[in-house]
Amino acid sequence: MSTCRVCAGPVEEFFDFGRQPLSDAFLPPERTEDEFFYRLAVGICQTCTMVQLMEEVPRERMFHEDYPYISRGSAVMRSHFETLARRFLAGELHRPDPFIVEIGCNDGTMLGTVADAGVRHLGVEPSGGVAAMAAQRGVRVRTDFFEASVAADILANDGPADVIYAANTLCHIPYIDSILKGVRELLAPDGVFVFEDPYFADIVERASFDQIYDEHFFLFAGGSVQAMAARHGLELVDVERLAVHGGEVRYTLARPGTRTPSPAVADLLAAERREGLTEPATLRRFGTRVERIRQRLTEVLDDCHARGQRVVGYGATAKSATVLNFCGIGPDRIDFICDTTPAKQGRLTPGSHIPVRGPEAFASPYPPYALLFAWNHADEIMAKETAFRAAGGQWLRYVPEVHLA
Ligand code: SAM
Ligand code: TMP
Ligand code: ZN
């Protein structure tokens, strides 16, 4: 048991992935001996149903100068953020000289559009390397962890925010009390707090257990977010299912009574209840599927190895750390993983020590099998790698089950 980071209720563990490294700690080849490990296990609060990790990793170990993830790595995500920025600009800015704040602005992909429109904004981003990229892009950025004291400081300097936004960031933050306290203070009276993160119901439906890793401290659902918002004097007024990143929900919170809740909120909550999303039997079934995927994936890789068939990985995602370390897959099964992110190339994957190479390595020559770790970007990747299949290659996938495509 651990204590819920939202309501202090008891958290009951439902799956243990064992000893895991930091998911984004790609290692220089000469520095493999001083890796940090922790126990990755996931549980559910018996009081508020928030799904969360049983252990937390200190934030400075994950988010620092060398944090490698960049938002601009996917064309689909670039367009996703531009569309949303335009929606904020057109629909949410009702006061003169409005102000937009982004928590975890990363390389400035979303706020770049806001900056180009000449609208007042601030990105709060603790990871120095990506924050510098945002500044380079013309985004005003504060290199800091967002929390209540930082929110108070922003309010004093810039005044209230019409929109506070966080993508794939809120679920990374165990000290969520401080975040929501800060958001509530910083938000203009009729402002909105919008955030989007992987949806627990999609994770359960697809058995996409690789969404569970150090940075994904919370796995949100409509029910748990509604309860969390209420504790902090905010109301869940809208939800939107998103296809990106393997299935997410975009939640909109506002001060109670300032917005009419959309029917989509009640629909999502009803669906979660109908499907028994937080029931023990559902969580047990999830665990059984995860074990089956581990078994099948290691069998297929062992078989390729026995037949002398090369397997290359595609996308050195943070998600892949859970798969590789949980399944015990190393460089004897996967030659290398190709990835477009400069800060990952030339390094080794955390824990499993598989080399990461640039995307050009994929075709020279094509392997017979490619294990698709960046399955959430499948459409984009398939569209640009058509020559791989034309050359006889096959994609090995493990979501929602192990299969060749
Ligand atoms: N929003 C971007 C996107 O969706 O592509 C980046 C998401 S990235 C997975 C998570 C980001 O959250 C990292 O850039 C990290 O440095 C940042 N982060 C972590 N804790 C934070 C905090 N307390 N305040 C602001 N940003 C934080
Ligand atoms: P993500 O699943 O956390 O967004 O990470 C995706 C990883 O996959 C990231 O390291 C970039 C990489 N990637 C490629 O190598 N090629 C691609 O075409 C795309 C879309 C992503
Ligand atoms: Zn709780």
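Position 1 is the first residue of the sequence, and the numbers go up from there. We count ligands from 1, going down the list as the structure has it; atoms in each ligand are counted the same way.
Among the atoms of S74, none of the N or O lies under 3.5 angstrom from an N or O of ligand 2. Checked by distance only, ligand 1 and E215 stay at 3.5 Å or farther apart across all their nitrogen or oxygen atoms. Checking only distances, G104 does come within under 3.5 Å of ligand 1, N or O to N or O. Considering backbone and side-chain atoms together, F145 places no N or O closer than 3.5 Å to any N or O of ligand 1.
The shortest contact between atom 13 (N) of ligand 2 and any protein heavy atom is with T340 OG1, 3.7 Å. Of the protein's non-hydrogen atoms, the one nearest atom 23 (N) of ligand 1 is Y175 OH, 2.9 Å. Atom 26 (N) of ligand 1 has its closest protein heavy atom at P126 CD, 3.1 Å. Among protein heavy atoms, atom 10 (O) of ligand 2 sits closest to D339 OD2, 2.6 Å. Protein heavy atom in closest approach to atom 8 (S) of ligand 1: Y67 OH, 3.6 Å. N106 CB, 3.5 Å is the protein heavy atom nearest to atom 6 (C) of ligand 1. The nearest heavy-atom contact from the protein to atom 4 (O) of ligand 1 is N168 ND2, 2.8 Å. The protein atom (non-hydrogen) at minimum distance from atom 12 (O) of ligand 1 is T169 OG1, 3.3 Å. Nearest protein heavy-atom neighbour of atom 3 (O) of ligand 2: Y69 CE1, 3.3 Å.
Under the 4.0 Å criterion applied to side-chain N and carboxylate O atoms, E125 and R137 are not assigned as salt-bridge partners. Classification of R86 and E82 as a salt-bridged pair holds, one side-chain N sitting under 4.0 Å from a carboxylate O. By the 4.0 Å N-to-carboxylate-O rule, D158 lies too far from R142 to be salt-bridged with it.
With hydrogens and angles ignored, the 3.5 Å screen pairs a side-chain donor or acceptor of Q52 with a backbone N or O of R5. Judged purely by atom type and a 3.5 angstrom limit, E235 has no side-chain atom pairing as donor or acceptor with the backbone of A229.
Those atoms of ligand 2 that come under 4.0 Å of a heavy atom in T341, given as number and element, are 9 (C), 10 (O), 11 (C). Remark: ligand 2 atoms within the under-4.0 Å shell around heavy atoms of T317 are 2 (O), 5 (O), 6 (C), 7 (C). The ligand atoms of ligand 1 that sit less than 4.0 angstrom from a heavy atom of I103 are 24 (N), 25 (C). Atoms of ligand 2 found under 4.0 Å from any heavy atom of G315, numbered from 1 in the order shown, are 8 (O). Atoms of ligand 2 found under 4.0 Å from any heavy atom of E380, numbered from 1 in the order shown, are 20 (C). Set against the non-hydrogen atoms of A167, the atoms of ligand 1 under 4.0 Å away are 1 (N), 2 (C), 3 (C), 4 (O), 7 (C). Using a 4.0 Å cut-off to heavy atoms of I173, the atoms of ligand 1 that qualify are 21 (C), 22 (C), 23 (N). Set against the non-hydrogen atoms of H245, the atoms of ligand 2 under 4.0 Å away are 4 (O). Of all atoms in ligand 1, listed by their number and element, those nearer than 4.0 Å to a heavy atom of V124 are 25 (C), 26 (N). Atoms of ligand 1 found under 4.0 Å from any heavy atom of E125 (numbered from 1 in listed order, with element): 13 (C), 14 (O), 15 (C), 16 (O), 17 (C). Residue S71 approaches ligand 1 through these ligand atoms, each under 4.0 Å from one of its heavy atoms: 2 (C), 3 (C), 5 (O), 6 (C). Shown in contact with N376 at under 4.0 Å from a heavy atom are these atoms of ligand 2, numbered in order with element: 1 (P), 2 (O), 4 (O).
Between SG of C45 and SG of C4, the angle at the Zn ion (ligand 3) works out to 110°, rounded to 10 degrees. Draw a line from the Zn ion (ligand 3) to SG of C48 and another to SG of C7, and the angle between them is 110° (to 10°).
For M77, the closest heavy-atom approach to ligand 2 does not fall below 4.0 Å.
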The test is salt bridge (charged side-chain N to carboxylate O under 4.0 Å, His left out); show your working for E92 and R259 and say whether it passes. CA-CA 12 Å; E92 292 295 347; R259 308 259 169 151; 3.2 Å; yes
message = Using side-chain contact (heavy atoms from CB on, under 4.5 Å), reason through E248 and D202 one step at a time and then give a plain yes or no.
response = CA-CA 7 Å; E248 300 206 315; D202 285 326; over 6 Å; no
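The aromatic ring centres of F209 and F326 sit less than 6.0 Å apart.
R389 CZ: 12 or fewer foreign heavy atoms inside a 6.0 Å radius.
Screening E147, R59, E56 for a side-chain hydrogen bond (donor to acceptor under 3.5 Å, both in side chains) with Y175, the sole residue that qualifies is R59.
Neither the backbone nor the side chain of Y165 has any atom closer than 4.0 Å to an atom of ligand 1 (non-hydrogen atoms only). For K344, every heavy-atom contact with ligand 2 shorter than 4.0 Å involves the side chain, none the backbone. At a heavy-atom distance under 4.0 Å, no atom of T109 approaches ligand 1.
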